[in-house]
Amino acid sequence: MRLRTLGKTGIEIPELCLGTWGLSGDGYGPVEEAEQDQVIERAIGLGVTAFDTADAYGDGAMESRLGRLLKSHPNALVLTKIGTDRSQTPPVKRFDAEHLRAAAGKSKERLGRRIDVLLLHNPSSVALNKPHVAETLNALVEDGTARTWGASVGDAETGKLAIEKGAQVLELAYSAFHHQDLEGVVELAREKQVGLVGRSVLAHGLLCGQWPNTKQFPSGDHRRDRWTGDDFRKRISQLSALRPSVMGDVTSLRAAALRYALSQTALSSVVIGPRSAVQLDQLVRDAGKEPPYLTDDSKHALEARLSNVGIRP
């Protein structure tokens, strides 16, 4: 597994990072515990030794699982997110100093190790503008709870604000169908030497191209409420822009979408979210072995086709 440098943190991170939201059962429905273990252990065997998680995933259970399975792998990297208080119903966002300190301490305890990258979990601009937030995260780095800190954000403007407040790592959505937020922060991130991590690179499975436009998602799957019927059908039709990229060793829409993300040199790592060991093997194979993951000509042609079907450049 190839490594890239995560900004100026000094961390060398694999190009692929295993996301654990899907494994936790929170986003797409339940996954057997034995399967969760198998995916994590298989990832380690394949060199996917960076793991993206959160204290909210399985109400801490996913951090505990990683803590148990990574005991004999001290060089593995863990990125975890805090800022969601699940002791309340419904859960609420909390970025006060007391909660951040307590949450980080509990995450460290569950993981059984220093946190490599401690991320604020979708903070608002209001939260980021409060001086105690950056002060608290800096203190957690100074006392050894975390190696560095950053934020997982929902848009470019919040990302730029996080960078201005001192975030050393930024995680945000990036895919062939959603690339404007990353492009909105690239210049500032480069100037400040902030590490960038891309999530949702397959758009929650949409870019795999395996669904009919009549697809219905079961209860407990967040995608059930993510797209309206008309919007979903439009997105399925827009997959036509990806199809000409399937050629040579790019053998599927999934491979084309994953390689599009990997070809973005501004990203240090991209988060993949397999829910089985078989899916993980497929994704690692789809990624290819080395750059160029897509040639410049292929990438530019794909972006032109995306624009033609209404995907904003």
Side-chain angles (χ1 to χ4, degrees), residues 1-21 43 47-54 66 70 75-83 100 104 107-108 111 113-123 128 133-134 136-138 140-142 144-175 178-201 258 260-273 287 291 293:
M1 186 63 56
R2 293 173 58 86
L3 303 177
R4 299 186 190 183
T5 303
L6 190 62
K8 62 180 179 182
T9 66
I11 295 172
E12 295 292 311
I13 188 170
E15 290 180 325
L16 297 179
C17 175
L18 183 73
T20 61
W21 184 44
V48 182
T49 53
F51 300 87
D52 177 72
T53 191
L66 287 170
L70 298 181
N75 293 325
L77 301 173
V78 177
L79 299 75
T80 197
K81 300 180 281 289
I82 59 173
L100 292 176
S107 289
K108 182 184 177 186
L111 290 164
R113 58 195 290 151
R114 179 177 64 163
I115 299 163
D116 294 290
V117 182
L118 183 62
L119 299 171
L120 298 170
H121 200 170
N122 200 23
L128 284 169
V133 172
T136 302
L137 272 294
N138 285 326
L140 289 167
V141 171
E142 290 172 6
T145 299
R147 187 170 172 182
T148 191
W149 72 273
S152 178
V153 299
D155 58 74
E157 290 308 309
T158 308
K160 288 190 284 189
L161 180 58
I163 293 173
E164 291 167 359
K165 297 299 180 181
Q168 296 296 298
V169 178
L170 204 64
E171 180 181 295
L172 71 174
Y174 179 75
S175 73
H178 187 93
H179 41 87
Q180 59 268 29
D181 285 338
L182 176 68
E183 291 166 359
V185 304
V186 164
E187 185 175 344
L188 182 60
R190 185 180 296 115
E191 176 188 338
K192 301 292 186 181
Q193 295 181 276
V194 169
L196 298 174
V197 176
R199 65 172 189 270
S200 305
V201 296
L258 181 55
Y260 178 82
L262 285 167
S263 70
Q264 172 53 265
T265 57
L267 290 174
S268 297
S269 187
V270 300
V271 179
I272 54 174
Y293 295 106

[atom1]/[X] to [atom2]/[Y] distance, rounded to the nearest 0.5 angstrom?
| X | Y | atom1 | atom2 | value |
| --- | --- | --- | --- | --- |
| Ile115 | Leu140 | CD1 | CG | 8.0 Å |
| Gln168 | Leu119 | CD | CG | 12.0 Å |
| Glu187 | Lys192 | CD | NZ | 12.0 Å |
| Leu170 | Ser268 | CG | OG | 11.0 Å |
| Leu267 | Cys17 | CG | SG | 12.0 Å |
| Leu172 | Asp155 | CG | CG | 9.0 Å |

Taking the side chain as everything from C-beta on, heavy atoms only, tell me whether [X] gets closer than 4.5 Å to [Y].
| X | Y | result |
| --- | --- | --- |
| Val197 | Val117 | no |
| Leu258 | Ile272 | yes |
| Leu70 | Arg113 | yes |
| Glu15 | Leu262 | yes |
| Val133 | Lys165 | no |
| Leu120 | Trp149 | yes |
| Leu3 | Ile13 | no |
| Thr20 | Asp52 | no |

Taking all non-hydrogen atoms of both residues into account, name the closest pair between [X] and [Y] and its distance.
| X | Y | result |
| --- | --- | --- |
| Gly184 | Ala156 | CA-CB, 4.0 Å |
| Ala266 | Val186 | CB-CG2, 4.0 Å |
| Ala173 | Ser200 | CB-CB, 4.3 Å |
| Val48 | Leu16 | CG1-O, 3.4 Å |
| Val271 | Val201 | O-CG2, 3.5 Å |
| Ala151 | Pro123 | CB-CG, 4.3 Å |

Legend entry - Donor on one side chain, acceptor on other, Tyr174 and Gln180, under 3.5 Å: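 Their side chains do not contain a donor-acceptor pair, so the 3.5 Å distance test is not met.
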Legend entry - Polar contact flag, side-chain donor to acceptor under 3.5 angstrom, Ser107-Thr80: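 Note: Ser107 and Thr80 side chains miss the donor-acceptor criterion.
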Legend entry - Stepwise side chain to side chain contact (heavy atoms under 4.5 Å, CB included) test for Thr5 and Ile11: CA-CA 6 Å; Thr5 303; Ile11 295 172; over 6 Å; no
Legend entry - Test applied, side chain to side chain contact (heavy atoms under 4.5 Å, CB included); reference residue, Leu118; option that passes from Leu79, Leu100, Leu137: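 Single side chain to side chain contact (heavy atoms under 4.5 Å, CB included) partner of Leu118 among Leu79, Leu100, Leu137: Leu137.
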Inset, instruction - Scan Leu77, Val169, Thr9 and name whichever one has a side chain to side chain contact (heavy atoms under 4.5 Å, CB included) with Asp116. - result: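 Among Leu77, Val169, Thr9, the one meeting side chain to side chain contact (heavy atoms under 4.5 Å, CB included) with Asp116 is Leu77.
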Inset, instruction - With side chain to side chain contact (heavy atoms under 4.5 Å, CB included) as the test, would you mind laying out the steps for Leu6 and Glu12 before giving the verdict? - result: CA-CA 6 Å; Leu6 190 62; Glu12 295 292 311; over 6 Å; no
Donor-acceptor pair, distance only, cut-off 3.5 Å: does the side chain of [X] make one with the backbone of [Y]?
| X | Y | value |
| --- | --- | --- |
| Arg147 | Arg114 | no |
| Arg199 | Glu171 | yes |
| Ser269 | Pro14 | yes |

Legend entry - Salt bridge flag under 4.0 Å for residues Glu157 and Lys160: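 Yes, this pair counts.
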Inset, instruction - Evaluate the side chain to side chain contact (heavy atoms under 4.5 Å, CB included) criterion for residues Leu188 and Glu164: first the C-alpha distance (whole Å), next the side-chain angles of each, then the deciding distance (0.1 Å), finally the verdict. - result: CA-CA 9 Å; Leu188 182 60; Glu164 291 167 359; 4.3 Å; yes
